[in-house]
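Contents: one structure, followed by commentary.
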Amino acid sequence: MEYIRVRNRGPLEGRVTISGAKNAALPILAASLLGTEEIVLEQVPPLKDVEVMVDVLRALDVKVEYLDAETIRIDASQVNKTVTPGELMNRMRASFVVMGPLLTRLGRTFTQMPGGCNIGKRPVDLHLKGFKALGAEIDEEPDAVGAKAPDGGLVGGKVYLDFPSVGATQNIMMAATMARGESIIENAAKEPEITDLANFLNKMGAKVRGAGTSTITVQGVKKLHGARHVIIPDRIEASTFIVAAAMTGGTVEVQNVLSAHIRPILAKIQEVGVRIEENDDDTILVQSTGRLKATKIRTLPYPGFPTDVQAQFMALMCIAKGQSHVEETVFENRFMHVDELNKMGALIVTDGNEAVIRGVEHLVGAKVNATDLRAGAALVLAGLVADGETQVHNVFHLDRGYYRFEEKLKGLGADVERFVE
Ligand code: EPZ
């Protein structure tokens, strides 16, 4: 196992370049199953989760070739396997979004139920509700699920999502691309990764309208061809570095970020007293102006404050002057970083999905454990400002969602090193 050692070396200074978005790359890789001609994806982040999705595609007879570290060429013309390998589903629940493409392209699919994970139960009932609305027959077993399209293929239908689930919206949208007739997804998720997936599908010849709004309409087509696509920048990675710059009192230029995707973060980071300058179209300058002020955040589906930045922002609140408040409304168990931050001298009290943070002057370095990928990032950020040395263990969580995290932090002057225990 590996751990990251973090020492406080003062403000971060310099420029950091954001990689492609993990949560756009994963569904877009799954969507490549729909294509019968060559697909080339650029700015694909070389993350552990992306490697797993590539393994899933290869297990389904898709030819996947890396043209360079971040460019992938895909040939899914020979896809004919309908069963997703169970052990790969165990490694990454996001592989569940291959169900929609297989169901619409091959008429059937069978996959292991994705396990819950430590941030919540993570049910898939809304995914299955959508497939049923498109005429699929669902066969649920305790730890697996099969879906079968009617003989003539899926039929366009209408589904209301009780919660604007990102994964369900993606899975159903992909299944609808080759259903006969029109499909409508109501109360759809509006995250930028949904829009990026829709743009990719439309380049392949799909007819998806309304992505980014609560109502997505899809006109089914017979076939989807190839496409070339550049994955959007990762708004969560960008937000993580913005919070890091703010916490350390530094001046950092964050490059390759779409500020339209991180409005809640920009609003909240200015509320705590940090100066933000949006230069040309994809660079943001973050300048810390002294002791941070307390604030409150409430995580919500996009365009609200993203749950994936909740842990990082809580780390900032630990050293902000005054009493801050966090309400986590998306996942039922996403406060596991609280105990770890409190080991570093933070004063956080939780009650259900709410947390109250009393800002302290200094955190103290400690041995802590990452519990999920964003919590891991939050603990590294806390280590950047703590007195003494912090060791963040279970960093495999971090590698799932951050490409060269230590190198990028080192490039900004941070004292971070990875060790093998
Ligand atoms: C995506 O997960 C992201 N993962 C998550 O990022 C992110 O936190 C989440 O969206 C919310 O923004 C990927 O894109 C690979 P959901 P997803 O379905 O699709 C409930 C990270 O850190 N729900 O929007 O699984 C569910 O229980 C990861 O990169 C149902 O009830 O999220 C949860 O409470 C973590 N029934 C809520 O919706 C369903 O059928 C949000 O889940 C599906 C979901």
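Order of appearance sets the numbers: ligands from 1, and atoms from 1 within every ligand.
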Does an N or O from [X], backbone or side chain, lie closer than 3.5 Å to an N or O of ligand 1?
X    : value
A94  : no
Q170 : no
K22  : yes
F163 : no
A168 : no
L126 : yes

Pair V145, V124 - check side-chain contact (heavy atoms from CB on, under 4.5 Å), show working. CA-CA 10 Å; V145 58; V124 290; 5.8 Å; no
How far is [atom] from the closest protein heavy atom, and which atom is that?
atom                    : result
atom 34 (O) of ligand 1 : V330 O, 2.6 Å
atom 2 (O) of ligand 1  : R122 NH2, 3.5 Å
atom 5 (C) of ligand 1  : D308 OD2, 3.8 Å
atom 22 (O) of ligand 1 : R374 NE, 2.9 Å
atom 39 (C) of ligand 1 : P123 O, 3.1 Å
atom 32 (O) of ligand 1 : F331 CZ, 4.1 Å

Under a heavy-atom criterion of less than 4.0 Å, does M53 contact ligand 1? no
Can you check salt bridge (Lys or Arg N to Asp or Glu O under 4.0 Å) on K81 and D61, steps first, answer last? CA-CA 7 Å; K81 279 194 183 139; D61 293 340; 3.3 Å; yes
Indicate whether any N or O donor in one side chain lies under 3.5 Å from an N or O acceptor in the other, for [X] and [Y].
X    : Y    : value
N23  : E191 : no
E327 : H325 : no
Q310 : T299 : no
T217 : E182 : no

Donor-acceptor pair, side chain of S19 and main chain of P45, under 3.5 angstrom: no
4.0 Å protein heavy-atom contact status of atom 20 (C) of ligand 1, strictly under: no
Electrostatic pair R334:D372 at N-O distance under 4.0 angstrom: yes
Restricting to pairs with a member in residues 100-112, which pass salt bridge (charged side-chain N to carboxylate O under 4.0 Å, His left out), not counting sequence neighbours? none
